[in-house]
Every structure is written in structure tokens, then in C-alpha cells.
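Residue numbers count from 1 along this sequence. Keep in mind it's a predicted model, so treat the numbers as computed, not measured.
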Amino acid sequence: MKIDFEKLRECIKNLNKAKILVIGDLALDEMVYGDTERISREAPVLILQHTHTNYILGGASNAAHNVSDINGGKVSVIGVIGEDYQAEDLKKAFSKANIDCKSLIADKTRKTITKTRISGSCSQSVTQQIVRIDRQTNEPISCETEEKIISAIKKQIPLHDAIILSDYHIGTLTDKVISSVMNTAREHNKIVIVDAQKNLDRYKGAFSLTPNLPDTQKHVGYFLKEKSDFIKAGNIIINQTDANSVLITCGSDGMVVISKDFEYVHIPVFNKSKVFDVTGAGDTVTATYTLALATGADPVYAAIIGNIAASIVIKQFGCATTSINEILASVPKDITLIY
């Protein structure tokens with residue numbers, strides 16, 4: 001397939017036309033910074049003089065943030081928060097990112113998923129992460145909270161064009177929640193894109209899935225090295241889920257699209273020499289891939305757009321986002337696909 005660059009640019013321009021619903025493990029990244037002052041007398045640890053704290057949307061929240069910055073805020077989230085101060089910080093971060101969070105479900109028995117990273121620096125060195133503190137409840141959500149989520153799903157899915165299930169395996173996406181999403185989406189003719197790290201066969205009814213290479217290999221039980229390996233793995237997942245396509249992200253080797261008709265397309269990575277930080281790049285790929293599919297792009301063009309978007313965010317530190325204008329400006333002059 002030869003790339004039609006006019007068609008590709010048109011697909012990119014259409015990304016702001018779809019409204020997306022993100023359901024999953026919503027998280028907050030709390031970034032605490034300080035200047036190194038001295039070694040503590042109490043223990044052999046650094047004392048930092050606090051300078052500032054940043055709040056960044058992480059986990060499934062990062063996928064929503066990527067969607068919002070591309071489509072102008074046409075995105076809503078469904079997930080669970082605790083009754084703690086981190087919940088308020090997460091709500092403020094959603095509001096700042098122009099994300100509708102009215103369907104958040106508060107559960108006093110759970111912690112708001114928060115990853116606190118403490119970093120220090122001195123005048124002669126770059127900032128260095130010192131420690132990370134995780135707050136989360138790993139058990140599946142309660143039956144009561146599950147029913148509240150399902151109620152929100154039935155109300156929200158008809159109002160959106162596509163759904164992203166973002167599973168970080170912290171308890172939100174139970175089998176019953178997944179089944180409700182798939183049944184409601186089918187009833188209203190909406191597509192569901194799944195970003196999960198394991199148990200991919202749970203997502204029967206998904207339109208497409210976006211696993212990375214290591215997780216795909218774990219799922220199928222063998223290493224993917226040759227074209228035939230990818231085709232076999234892709235079709236295992238497609239047969240298990242009845243998906244239309246599978247997008248396997250392969251880090252520095254780009255990504256592979258396997259379609260239901262056994263089509264194999266390898267898309268090499270763009271701007272490979274400029275990689276700075278891959279944190280959150282998978283969420284960027286899922287967000288742009290979903291937006292493109294929801295606005296009529298085929299899986300290969302949607303994956304190319306996701307690839308371009310990822311090439312932008314990996315140049316930045318931490319979870320980052322991009323925009324339609326940045327994606328358009330970053331379209332390569334030549335794209336060589338491998339079949």
C-alpha cells in the first residue's frame with residue numbers, strides 16, 4: 001500500500017471530530033521537586049528544600065489528556081477515586097486539561113491512584129528522581145462501586161463516538177465492567193479500543209487492541225521475531241476477541257498492524273535518533289489511534305498517525321501530549337511500510 005499523503009493529512013485534520021470516552025484506572029502523577037541542601041543527620045539521606053510540585057495526569061488519565069489536547073476537550077472519563085485529598089488534586093488536573101470527570105465514582109474504601117515522584121537537583125547537575133511512592137488499592141472494586149460504574153457506562157457510551165479501555169490492572173476493569181462496555185457499545189454501534197498489559201482474551205468484542213511487544217509475547221507464549229510470528233500472534237488475539245485489528249507497538253522498532261484478513265504492515269519508528277523519554281508514549285499512541293479510527297481512518301493510517309504522535313512526545317520528559325498542528329508539522333516526507 002502506497003501512502004497517500006493528502007489522505008493522511010486529511011485524517012489528521014479530522015482527529016478533532018470524534019468524542020471519546022476513557023474508562024479505566026485513572027491516576028495522578030504528583031511530581032515533587034527540591035534543591036539538594038545537605039545530608040541528613042538522622043539517616044544517610046538527602047535533605048531537599050522544596051521548590052515546587054506539579055500534578056500530571058497518569059495511567060488512564062494520560063490517555064484522556066492526550067485525547068483532550070488533540071480534539072479540544074471532547075473527552076470524558078469513568079473511573080474510581082478515593083475520598084482523600086489526592087482525589088481533589090486529580091479533579092483539578094482533569095479540569096485544567098478540559099476533561100469531563102462528572103462520572104468519577106468515589107469509594108471511601110479505596111485510594112485515589114497516585115504516583116508521587118520526588119526529585120532533587122543542585123546547581124551543578126540535572127534533576128534526578130530519588131524515590132517514588134505509590135498509593136493505590138490493588139483489589140478489584142466492590143460490587144457496589146461496580147454497579148455505579150456500569151450505570152455510568154450505560155449513560156455515557158451513547159454520547160461518545162469511541163471508547164478507550166485503559167487497563168493498568170489496578171482493579172477498575174472487572175469482567176462485569178468489560179462485558180457492560182462491550183454490550184453497550186455494540187448496542188449503540190460504537191467502537192472499543194483496548195490498551196491492556198495482560199489477559200487480552202478478556203476483551204471479547206473490542207474493535208482493536210494496542211498491546212506492546214513484551215506483553216504480546218507473554219500473552220501468546222513465544223517470541224515474535226519474524227513476520228510469520230507477528231501474523232500468528234495477531235490472529236490469536238483477533239480470534240480470542242473477534243477484533244478487527246491489532247496494533248503491536250515495538251518500541252524502537254516501530255509498530256505492526258495485523259488485520260482480520262491476515263494483512264501485515266510494519267511501520268518503522270519516526271525520529272528514532274531523538275528519543276528522550278518514552279514515558280506515556282503508549283497512551284499517546286492509543287489516543288491518536290482511537291481518534292483516527294473513530295473518524296473513519298483505516299487501521300494502517302490510524303497507526304501511522306499514532307506513530308507520528310509518539311515521535312513527538314518521546315522528545316519530552318514525563319507524560320506528554322501533542323496537538324493536531326504538531327502532528328501535521330511532523331509528517332515525514334517519506335514513509336516506507338514493510339509488508
*asked:* For a quick test of reading the model, state the closest non-hydrogen atom pair linking Ala206 to Val194 and the distance between them.
replied: CB-CG2, 3.7 Å
*Counting only N and O atoms by type, is there a donor-acceptor contact under 3.5 Å from the side chain of Asn199 to the main-chain atoms of Arg202?*
no
_Under 4.5 Å between side-chain heavy atoms, counting indirect links through other Ile/Leu/Val/Met/Phe/Trp/Tyr residues: same cluster for Leu8 and Ile70 or not?_
yes
*Within 6.0 Å of CD in Glu37, more than 12 heavy atoms from elsewhere*: yes
*Considering only heavy atoms from C-beta outward, does the side chain of Asp134 approach that of Thr114 to under 4.5 Å?*
no
*Smallest separation among heavy atoms of Leu224 and Ala233, with atom names*: CD2-CB, 3.7 Å
*Does some side-chain heavy atom of Asn244 sit less than 4.5 Å from a side-chain heavy atom of Ile238?*
no
*Any donor-acceptor pair under 3.5 Å from Thr249 side chain to Gly251 backbone*: no
*State whether a side-chain donor-acceptor pair under 3.5 Å links Asp107 with Thr145.*
yes
*Is the backbone N or O of Glu10 less than 3.5 Å from a side-chain atom of Asn14, with the two atoms forming a donor-acceptor pair by type?*
yes
*State yes or no: do Leu209 and Tyr168 share one hydrophobic cluster built from I, L, V, M, F, W and Y residues joined by side-chain heavy-atom distances below 4.5 Å, directly or via other members?*
no
*asked:* Between the side chains of Glu88 and Lys91, is the shortest nitrogen-to-carboxylate-oxygen separation below 4.0 Å, so that they form an ion pair?
replied: yes
*Could you tell me whether a side-chain N or O of His160 sits under 3.5 Å from a main-chain N or O of Val75, the two making a donor and an acceptor?*
no
*Got Ile39 and Ile47 here, is their nearest side-chain heavy-atom distance under 4.5 Å?*
no
*asked:* Under a 3.5 Å distance rule, please check whether Asp29 uses its side chain to pair with a backbone N or O of Thr116 as donor and acceptor.
replied: no
*Sort out for me which residue in Leu200, Thr216, Ile237 forms a side-chain contact (heavy atoms from CB on, under 4.5 Å) with Val246.*
Ile237
*Taking the side chain as every heavy atom from C-beta outward, state whether Leu173 and Asp25 have any pair of such atoms under 4.5 Å apart.*
no
_Is there a path of hydrophobic side-chain contacts, each under 4.5 Å between heavy atoms, that joins Val177 and Ile78?_
yes
*asked:* Can a donor-acceptor pair be found, under 3.5 Å and without considering hydrogens, that links the side chain of Thr295 to the backbone of Ala18?
replied: no
*asked:* Please determine whether residues Ile118 and Ile113 belong to a single hydrophobic cluster, defined as Ile, Leu, Val, Met, Phe, Trp and Tyr linked transitively by side-chain heavy-atom distances below 4.5 Å.
replied: no
*Are Tyr203 and Asp167 side-chain neighbours, meaning at least one heavy-atom pair lies under 4.5 Å?*
yes
_For the OH atom on Tyr222, are there more than 12 heavy atoms of other groups (residues, nucleotides or ligands in this structure) within a distance under 6.0 Å?_
yes
*Of all heavy-atom pairs between Val285 and Thr288, which one has the smallest distance, and what is that distance?*
O-OG1, 3.2 Å
*Any sub-3.5 Å donor-acceptor pair from Ser68's side-chain atoms to Ala64's backbone N or O?*
no
*Apply salt bridge (Lys or Arg N to Asp or Glu O under 4.0 Å) to Asp100 and Lys19, showing your working.*
CA-CA 11 Å; Asp100 184 344; Lys19 188 175 183 182; 5.9 Å; no
_For the NZ atom on Lys176, are there more than 12 heavy atoms of other groups (residues, nucleotides or ligands in this structure) within a distance under 6.0 Å?_
no
_Over 12 non-hydrogen atoms of neighbours within 6.0 angstrom of NZ in Lys218_ = no
*asked:* Does any part of the side chain of Tyr301, heavy atoms only, come nearer than 4.5 Å to the side chain of Asp4, both counted from C-beta?
replied: yes
*asked:* I'd like to know whether Glu83 forms a salt bridge (Lys or Arg N to Asp or Glu O under 4.0 Å) with Arg110, so could you lay out the CA-CA distance, the side-chain angles of the two residues, the decisive distance to 0.1 Å, and finally the verdict.
replied: CA-CA 8 Å; Glu83 293 186 359; Arg110 299 182 71 84; over 6 Å; no
*Can you see which heavy atom on Ile170 is nearest to which on Gln136, and at what distance?*
CD1-OE1, 3.7 Å
*Are the side chain of Asn235 and the backbone N or O of Ile231 linked by a donor-acceptor pair below 3.5 Å?*
yes
*Check whether Leu48 and Tyr33 end up in the same hydrophobic cluster, where Ile, Leu, Val, Met, Phe, Trp and Tyr are linked by side-chain heavy atoms less than 4.5 Å apart.*
no
*Do you know the tightest heavy-atom contact between Val269 and Ser252?*
CG1-O, 3.3 Å
_From Ser76 atom OG to Ile99 atom CD1, the distance as rounded to the nearest 0.5 Å_ = 9.5 Å
*Under 3.5 Å, is there a donor-acceptor pair linking the side chains of Ser323 and Asp69?*
no
*Could you state the interatomic distance from CD1 (Ile153) to CG (Leu21), rounded to the nearest 0.5 Å?*
8.0 Å
*Looking at Ala309 and Thr284, what are the two nearest heavy atoms and their distance?*
CB-CG2, 3.7 Å
*asked:* For Met255, run the side-chain contact (heavy atoms from CB on, under 4.5 Å) check against Asn212, Leu247, Ile304 and tell me which one passes.
replied: Leu247
*Mark yes or no for whether Lys74, through its side chain, and Asn16, through its backbone, hold a donor-acceptor pair below 3.5 Å.*
yes
*Do the side-chain N and O atoms of Ser259 and Ser245 include a donor-acceptor pair separated by under 3.5 angstrom?*
no
*Spell out, as yes or no, whether a donor-acceptor pair under 3.5 Å connects the side chain of Thr137 to the backbone of Lys111.*
yes
_Looking only at the side chains, is there a donor atom on one of Asn183 and Arg186 sitting less than 3.5 Å from an acceptor on the other?_
yes
_Sub-4.5 Å side-chain heavy-atom contact between Ile308 and Pro332_ = yes
_Step-by-step salt bridge (Lys or Arg N to Asp or Glu O under 4.0 Å) determination, Glu30 to Arg135_ = CA-CA 11 Å; Glu30 182 183 38; Arg135 301 179 182 93; 3.7 Å; yes
*Looking at side-chain heavy atoms only, is the closest gap between Ser61 and Leu90 below 4.5 Å?*
yes
